[in-house]
Student: 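One structure is given below, represented as structure tokens, and several questions about it will come after.
By convention in this document, chain letters (A, B, ...) are assigned in the order of the sequence lines, proteins followed by strands, and residues within each chain are numbered from 1.
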Amino acid sequence: MAKIQLTSDSRYRWQIALRVVAAIFGGYALANIAAILLSYLLPMPKSDAVMTGVLLSFAIYTGAIMWVFSVRSIRKAWMGLVVPSLILGVLALALRFSGVAP
Amino acid sequence: MKSGFRQSMSWVHTWGGLTVGWILFFVFLTGTLGYFDTEIDRWMKPELPKDNATMAQSLAVAETRLQQQATGAERWFISPPTNRDTPNLRIFWQMPGEDGKRGTTGNELLDSSTGEPVAGRATGGGQTLYRMHYALHYLPTTVAYWIVGICSMFMLVAIITGVVIHKKIFKDFFTFRPQKGQRSWLDMHNLLSVTALPFHFMITYSGLIFFAFTYMPLIVASSYGTGDEAERKFFDELFAEDDKAERANSPATLASLSAMVAIAESHWGENQVRYLDIANPGDANARVSIGRQLDSPLRASPELVFDGVSGELLNDKAAATSAPRTVRDTFLGLHEGLFANIALRWLYFFSGLLGTAMIATGMILWTVKRRPVQLKKANGPDFGHRLVESLNLGTIVGLPIAIAAYFWANRLLPVDFATRSNWEVHILFLVFLGTLLYPLTRRILRGWVDLLWVAAAAYGLLPIINAITTDRHLANSIAQGDWLFASVDLTFLCTGILFAVAAIKLQQRLHQTSPDPANNKKPGTVNKTDRHPISTQSSEAT
């Protein structure tokens, strides 16, 4: 925390801004996509699966936010959100359009 | 980004917490008062006696009034005065809507002995304070829900990162180094946070769940589609409202409600009926659901469902259904604490205060930590630093003063003043605005002393204002054993004393130091006499 002064140039500010955007919007996207896939996969009635997904989405969101700020490189922070979002998103779409999910 | 995991989490904790700290303080304090919303309601309507009517009386009065006000309604809802939440008989109705829209609704508090709506001064009461903690004020509700939701999400992250950055959470818990400036504030912040950690986590996560479908609409939409129709389908399935009776559109007389209540009481015991929910009253397909008092955190009541025309018992519904719904209802029930008896209610109240104080100490810690560096700057502290210091004072002491002003307004505005309940709230926010601006006019520590004294007077004088303006003052309420009124007055008095103690302490330390610590602070020489009252940088501070 105290080291902020040492690196407080515009580069540092951009780093922070990019991470904040990744955490808030990227994390939100990942939380939603993961919860949607979960709601398709859980072996319970549809409404219960959706409820479970909604309940867990905030925990996933929290985890994603902490990930973004914990990794060293900003590229890794973004990739850690984008790659799982894409994989889980494609899976969810496949389940949906193959008719397995509602 | 930073050297290690713990350091980066510490950064998130510090800056995330600071960003939304003031709104969280507002949410936590008004929400904490919400645990005594009904008690505050009653204190703010001193004309109203407690309703001691029998169940039969209440039912008769409610049914007559509903027939008058809402014939042909889609739904009636009666809450007899059998528990803390409804000290007075309450009725609610909803008329049939057209083209799939919700119909108009209405609700009234009734006097069981006269059958008329209860009188008493117009006031926002405890409900208005309670509502502010999730709907704020002067804002469209959806906007307010999102603001509070985003802040709650920050809070959740702050709680988890706060735990993570603690290597020695138990050792730190038992560490308190008083009179050591920054270390003391850190120790206090840790103590407050760890003591009620389960409460802080529960209240934040469950707060998000209350409006989860607003915050995370895509999850429902991905299975059910968008629009009102899809949403209704989801809720009907989730809440298993499959025994909803369709309107027959042929009139029929409603069977005796007291007979149904008698059956319910034979199942559950006396005074166990919390509400009567009547679907399609006056129709051949009327249904009466009678709900039981809450005695566990599970928010839903067990219900008995009756045929509203024959009076026959159709269904004995357990409160819980599926596991996910039970998890949700338990979270919401724990958050609201409606089931809590008086001892547990006070525990809720103090836990809420611990959370409020945790936020306050966290924000003070932010300024205390930076103050020594800021004071050494050639042009004095930065604008940003001064802004945080001023907002801290204006919020941490200012909001309690503003809430006291709300109670003053309740007693001092003329009883027949037409818009008095709106003005109670306007006065709250005008005073809050004043306390936010006040720190700009004073040196910050002088400002703290001044506002602490104002808060002490604002609360300490409330029992006196109450005694002058009503006959339900402390002496009377203690003599009559009216513990609700006595408790509210005594709580005001204690709050006033606590603020006075804080003011005296701070004033003493201010006198011990030189008038302007900014000018004679030499780097590296920290001794007792030179010590800054709030922001001393102790020798071991990092």
Student: To the nearest 0.5 angstrom, please state how far the CG atom of A/D48 sits from the CZ atom of B/R328.
Tutor: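 Rounded to the nearest 0.5 Å, the CG-CZ separation comes out at 12.0 Å.
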Student: What option among A/T52, A/V20, A/N32 has the most heavy-atom pairs under 4.5 Å with chain B?
Tutor: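 Counting heavy-atom pairs under 4.5 Å, the top option is A/N32.
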Student: Ignoring hydrogens, what is the shortest heavy-atom contact between B/I219 and A/A35? Give both atom names and the distance.
Tutor: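 So the two residues come closest at CD1-CB, 3.4 Å.
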Student: Non-hydrogen atoms of chain B under 4.5 Å away: do they reach the side chain of A/A77, the backbone, both or neither?
Tutor: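 Neither part.
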Student: For A/Y61, which atoms come within 4.5 Å of any heavy atom of chain B: side chain, backbone, both, or neither?
Tutor: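 For A/Y61, the contact with chain B is made by backbone and side chain together.
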Student: Please identify, among B/L218, B/I209, B/V327, B/T161, the residue contributing the most non-hydrogen atom pairs under 4.5 Å to chain A.
Tutor: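 Most heavy-atom pairs under 4.5 Å with chain A: B/L218.
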Student: Could you check which of B/V164, B/L208, B/V157 has the highest count of heavy-atom pairs closer than 4.5 Å to chain A?
Tutor: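 When all of B/V164, B/L208, B/V157 are compared, B/L208 has the most.
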Student: Quick one: pull up CE in B/M216 and CG in A/L55 and give me the separation to the nearest 0.5 Å.
Tutor: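 The CG atom of A/L55 is 11.0 Å from CE of B/M216, to the nearest 0.5 Å.
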Student: Side chain, backbone, both or neither: which part of B/M9 has a non-hydrogen atom closer than 4.5 Å to chain A?
Tutor: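 Interface part for B/M9: side chain.
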Student: How long is the gap from CH2 on B/W15 to CD1 on A/I16, to the nearest 0.5 Å?
Tutor: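 That separation rounds to 9.5 Å.
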Student: Closest heavy-atom contact between B/S223 and A/Y40?
Tutor: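 Taking B/S223 first and A/Y40 second, the nearest heavy atoms are OG-CE2, 3.6 Å.
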Student: More than 12 heavy atoms of other residues, nucleotides or ligands under 6.0 Å from CE of A/M44: yes or no?
Tutor: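 Buried by this count: over 12 neighbours within 6.0 Å.
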Student: When rounded to the nearest 0.5 angstrom, what distance separates CD in B/E237 from CE in A/M51?
Tutor: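 Separation between the atoms: 14.0 Å.
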Student: So which of A/A23, A/S57, A/G63 has the largest heavy-atom pair count under 4.5 angstrom toward chain B?
Tutor: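 Sorted descending by pairs with chain B, the first entry is A/S57.
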Student: Which answer fits A/L56, side chain, backbone, both or neither, if we ask what part of it has an atom under 4.5 Å from a heavy atom of chain B?
Tutor: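 It is the backbone, since no side chain atom gets that close.
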Student: About how many Å separate CZ of B/F5 and CE of A/M66, when rounded to the nearest 0.5 Å?
Tutor: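 If we round to the nearest 0.5 Å, A/M66:CE and B/F5:CZ are 4.5 Å apart.
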Student: Mind checking the OG1-OH spacing from A/T62 to B/Y205? Nearest 0.5 Å is all I need.
Tutor: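 Reported to 0.5 Å precision, the distance equals 6.5 Å.
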Student: Are B/F235 and A/S47 side-chain neighbours, meaning at least one heavy-atom pair lies under 4.5 Å?
Tutor: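 No; the side chains remain at least 4.5 Å from each other.
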